Amino acid sequence: MSQMEELKGKLKEQLHQAVVSAGLADASEIPEIVIETPKDKAHGDFATNLAMQLARVAKKAPRAIAEDIASHVDRSEAGIRELDIAGPGFINFFMQTDYLGDIIQSVLTHPEAFGTSDIGGGKKVQVEFVSANPTGTLHLGHARGAAVGDSLCNLLEAAGYDVEREYYINDAGNQIDNLVYSLEARYLQEVGEPAEMPEDGYQGEDIIGFAKEIVENYGDRFKDSDVEKRRAFFREYGLKRELDKLKADLEEFRVSFDHWFSESSLYDENKIQPVLDDLAARGKTYEADGATWFRSTEYGDDKDRVLIKNDGTFTYLTPDIAYHKDKLNRGFEELVNIWGADHHGYIPRMQAAIQALGYEKEQMSVQIIQMVNLFENGEKVKMSKRTGNAVTMRELMEEVGIDATRYFFAMRAAETHLDFDLTLAKSESNENPVYYVQYAHARICSMLRQADEKGFTVNPDADLSVLESEKDLDLMKKVGEFPEAVADAATRRAPHRITNYVYDLAQTLHSFYNAEKVITDNEERTHARLALVEAVRITLKKALALVGVNAPEKM
RNA sequence: GACCCUGUAGCUCAGCUGGAUAGAGCAACGGCCUCCUAAGCCGUAGGUCGGAGGUUCAAAUCCUCUCAGGGUCGCCA
């Protein structure tokens, strides 16, 4: 538990006692006391709406209740320096400031623990994201999914969940056959045979590249070889190369998965039929029109869904149900799927399947990643200038840079449509929020270097009580809010709260920097401010790391 | 037709498990470098929170209806 939480806990406890001793309400009638941090600091360090909540129970006006509470609360026990009753009945608390110094010191002595919590209680959660088909290149939308998914995992880990990152490889459907035929056609073209691309073949440059590789390494030996053998080889080769490329791109984007799960392994290990049998045994399937149907309407889906088509093959849903069953069998208590917006209609049937198999609906949740629109110089960009196709993740990384790309994707709530401003993301100026935050970090590093030259080092035991200016206190408070920001972002599955927080922290630092001098002739204060500034640096770095952004030491 | 997302300052967005005069960035305007990075700071201006009802002591936030934009509705994946 962070110092901030402890402090709030103590305050709640004292307020609770005050309500009882003032005879306003019985202990059982008191609602959960909410302590908030007011937006306006004129409203104190903390505030509560308790008096308003008690109006009904106590049958008194909120302000009168607030007066009663105020006169009964043990101020020194709760760490209250001063308190105000304001507005319709808010109680504003101005706290004794010594707790702020304690927070800074604990950041310096236990930096690794700062910002972590145990609200997850070690719960095993699996997050499946990106999962793009291994038939081409990662695009804009995948990049957003990767950034959001990875940041969410970081947050859940910080909040004490046991997290696994998984990528589901769709390597069994006919899109893979298509990959094989496309690669085959490209290969034959390379060795001078007349061959046409399949009608809906993959036109990407990557496939041509793979065909060239095969010619380099194996010559034209597949030209006249047995078609089945050739295709088996191309399947393996094409898939491997596509996966290598996906992994490499994602690694570069600072996203790595714990587990790459192959759809075809569900077939190889006979994991699909047993699930069909299980559903049938539970009476959740029926035959009609030559197909086998799943009664998803029993769980609120719009209509029932086909599992086995009348040609005897499975729909996409069928192995996917088996896949989810497999995930739950692996011991995950909760599954989080991060899907593109085009899959939102798919949620009810998957949730139906989970329930039909006897699991709780809540064991699977879906985070939808909404569309991304690219803008450059105020104009909508649809296609890559280079290739004429959709803009790829790699192009983004190269043109915009990884830090800015990850920051921009983390910056907005995942389920909202995103306008990605290329011009802004690329600009190395004050308009760009990424640089603003990174600059704060670099600025501190610069101060620390200069302090070092003058013989000052950061001392966690520095006496922080000498820091009394408004800017000092603002900055300490902002650092203290970090653990709460992380816990909040994790609970709400909202990485964008971290970028909001870190921007705020950077702003507070810059403001402090312009108002107060860190390195001065006053040794005591210099030590105290160095400690403060180092704590800010650690916090900036940790917050940026949560969204996959580097914290440079120089800019 | 059904469902999902969105509608808050000129632009991009926070806030949405109800609370104090609705916040931030950019853009606009005015200031600040003999001083630890001006990629910075300080200030000014700018809003019928799409609209209409309702619930509440209190609504941007909850409910109903409605308008606008985007998306999805396959025995594709």
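Everything numeric here is computed off the predicted structure, so don't read it as measured data. Proteins come first, then strands; the chains are lettered A, B, ... in the order of their sequence lines, and each starts at number 1.
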Donor-acceptor contacts, no H, no angles, side chain residues 410-420 of chain A, under 3.5 Å, sequence neighbours left out:
unit_1, atom_1, unit_2, atom_2, d
A/Thr416, OG1, A/Ala413, O, 2.7

Kindly give the atom pairs (protein nitrogen or oxygen, nucleotide nitrogen or oxygen) under 3.5 Å for nucleotides 42-45 of chain B.
unit_1, atom_1, unit_2, atom_2, d
B/C42, OP1, A/Ser511, OG, 3.0

Short N/O separations, protein against nucleotides 70-72 of chain B, under 3.5 angstrom:
unit_1, atom_1, unit_2, atom_2, d
B/G71, N2, A/His344, NE2, 3.2

Test salt bridge (charged side-chain N to carboxylate O under 4.0 Å, His left out) applied to A/Glu334 - qualifying residues, sequence neighbours left out: A/Lys123, A/Arg493
A/Arg235: partners by side chain to side chain donor-acceptor pair (under 3.5 Å), with sequence neighbours left out: A/Asp177
Side chain to side chain donor-acceptor pair (under 3.5 Å) involving A/Ser296 - partner list, sequence neighbours excluded: A/Asp301
Sequence neighbours excluded, every pair satisfying side chain to side chain donor-acceptor pair (under 3.5 Å) that has a member inside residues 340-353 of chain A: A/Asp320-A/Tyr346
Among residues at least two apart in sequence or on other chains, which ones pass side chain to side chain contact (heavy atoms under 4.5 Å, CB included) with [X]?
| X | value |
| --- | --- |
| A/Asp326 | A/Phe261, A/Lys271, A/Arg330 |
| A/Tyr513 | A/Arg443, A/Met447 |
| A/Lys309 | A/Val306, A/Asp311, A/Thr313, A/Thr315 |

Please write out the pairs of protein N or O atoms and N or O atoms of nucleotides 14-16 of chain B separated by less than 3.5 Å, giving the distance to one decimal.
unit_1, atom_1, unit_2, atom_2, d
B/A14, O2', A/Asn500, ND2, 2.9
B/G15, OP1, A/His496, NE2, 3.1
B/C16, OP2, A/Arg497, NH2, 2.9

Listed partners of A/Phe314 passing ring pair (Phe, Tyr, Trp, His ring centres under 6.0 Å), at least two apart: none
